[in-house]
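Right, one structure below, let's go through it.
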Amino acid sequence: MEKEVRNLADIEKKAFNIRLNMQLTQREFAKLLGISASYVSNWENGYNEIPVVLLNKICNIADVSFDYMMGLTKIVNKNVIKLDKIDKVFLGAKLKEIRKSNKYTQEKFAKRINTHRFLISDYETGRKAISTADLKQICETFGYSADYCVGKLKTCVRYDPISKIKPKDIKELVKA
């Protein structure tokens, strides 16, 4: 399976700007999030992605939505519910709902978002926390609100799916 490079820099850039707007040092921001300052430094320098659990904390602290952080909307705050923690089983049920409503098998769903079938199975059953990259990919590909998927919105919000050009398709476009 060809893996596409995922660019989550926008999420980390928004977290960085939130920290600056709050006039916090990396150490102060880290303390609010319950993590180390080096962890904040690592994502600000592009070494780590922000996990969904921490993204939730950042959204709660800054009063912004997952959808805003993931670039699904330019609206900063959509009056979303503040969750103390992300329920992996609830999120898994939403992912399964998205997959089934699109009539995809786990294998086909995994290929569509460039991940592995066993991860889709683990996400859907709540055995594993979804990666931020996979959640973002699912929301962009199928046009669902990330806030809805994690339970911060009770009603389903839909966006226009985002089509991405894959590296193999670029070669064909260049030839034309």
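These numbers come from a predicted model, not from an experiment. In what follows, every heavy atom counts, from backbone to side chain, and hydrogens, waters and symmetry copies are set aside.
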Sequence neighbours left out, what passes salt bridge (Lys or Arg N to Asp or Glu O under 4.0 Å) with Arg127? Give chain and number order. Asp122
Lys96: which residues meet the salt bridge (Lys or Arg N to Asp or Glu O under 4.0 Å) condition with it, sequence neighbours left out? none
So how far is it from [X] [atom1] to [Y] [atom2], rounded to the nearest 0.5 Å?
| X | Y | atom1 | atom2 | answer |
| --- | --- | --- | --- | --- |
| Asp134 | Thr132 | CG | OG1 | 9.0 Å |
| Lys94 | Ile130 | NZ | CD1 | 14.0 Å |
| Ile58 | Leu33 | CD1 | CG | 5.0 Å |
| Ile75 | Thr73 | CD1 | OG1 | 4.0 Å |
| Ser101 | Arg99 | OG | CZ | 10.0 Å |
| Leu24 | Leu32 | CG | CG | 6.0 Å |

Let me have the donor-acceptor pairs involving side chains of residues 80-90, under 3.5 Å, with sequence neighbours excluded, atom names and distances please.
| from | atom 1 | to | atom 2 | distance (Å) |
| --- | --- | --- | --- | --- |
| Lys82 | NZ | Asn60 | O | 3.2 |
| Asp87 | OD1 | Val89 | N | 2.9 |
| Asp87 | OD1 | Phe90 | N | 3.2 |

If you compare all heavy atoms of [X] against all heavy atoms of [Y], which two are closest, and at what distance to 0.1 Å?
| X | Y | result |
| --- | --- | --- |
| Gln26 | Ser41 | OE1-CB, 3.5 Å |
| Asp67 | Ser145 | OD2-OG, 2.6 Å |
| Ala146 | Met70 | CB-SD, 3.7 Å |
| Met69 | Ala15 | CE-N, 3.7 Å |

Can you confirm whether [X] sits close enough to [Y] that some side-chain heavy atom of one is under 4.5 Å from a side-chain heavy atom of the other?
| X | Y | answer |
| --- | --- | --- |
| Leu135 | Val52 | yes |
| Ser65 | Lys152 | no |
| Asn102 | Lys108 | no |
| Phe29 | Ile35 | no |
| Cys59 | Val64 | yes |
| Leu72 | Lys136 | no |
| Thr115 | Ile120 | yes |
| Ile98 | Cys149 | yes |

Parallel, tilted or perpendicular for Phe118 and His116, by the 30°/60° rule?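 Because their plane-to-plane angle is under 30°, the rings of Phe118 and His116 count as parallel.
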Same cluster for [X] and [Y] if Ile/Leu/Val/Met/Phe/Trp/Tyr side chains link at under 4.5 Å?
| X | Y | value |
| --- | --- | --- |
| Val53 | Leu91 | no |
| Phe16 | Tyr47 | no |
| Ile50 | Met22 | yes |

Is the cationic atom of Lys74 (NZ for Lys, CZ for Arg) positioned less than 6.0 Å from the six-membered ring centroid of Tyr68 and within 45 degrees of its normal? no
Pairs flagged by ring-ring contact (aromatic ring centres under 6.0 Å, His included) wherever residues 119-158 is involved - sequence neighbours left out: Tyr104-Phe142, Phe109-Phe142
Residues forming a side-chain contact (heavy atoms from CB on, under 4.5 Å) with Ser38, sequence neighbours excluded: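 For Ser38 the side-chain contact (heavy atoms from CB on, under 4.5 Å) partners, ignoring immediate neighbours, are Ser36.
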Go through the steps to decide whether Arg158 and Cys156 satisfy the test side chain to side chain contact (heavy atoms under 4.5 Å, CB included), and finish with yes or no. CA-CA 7 Å; Arg158 298 293 308 268; Cys156 183; 3.8 Å; yes
Please test Lys14 against Ile11 for side chain to side chain contact (heavy atoms under 4.5 Å, CB included), starting from the C-alpha separation and ending with a verdict. CA-CA 5 Å; Lys14 285 178 182 166; Ile11 294 171; 5.9 Å; no
Applying side chain to side chain contact (heavy atoms under 4.5 Å, CB included), run through Val157 and Asp147 and close with a yes or a no. CA-CA 9 Å; Val157 173; Asp147 289 298; over 6 Å; no
Salt bridge (charged side-chain N to carboxylate O under 4.0 Å, His left out) contacts in which one or both residues fall within residues 16-37, not counting sequence neighbours: Arg19-Glu44
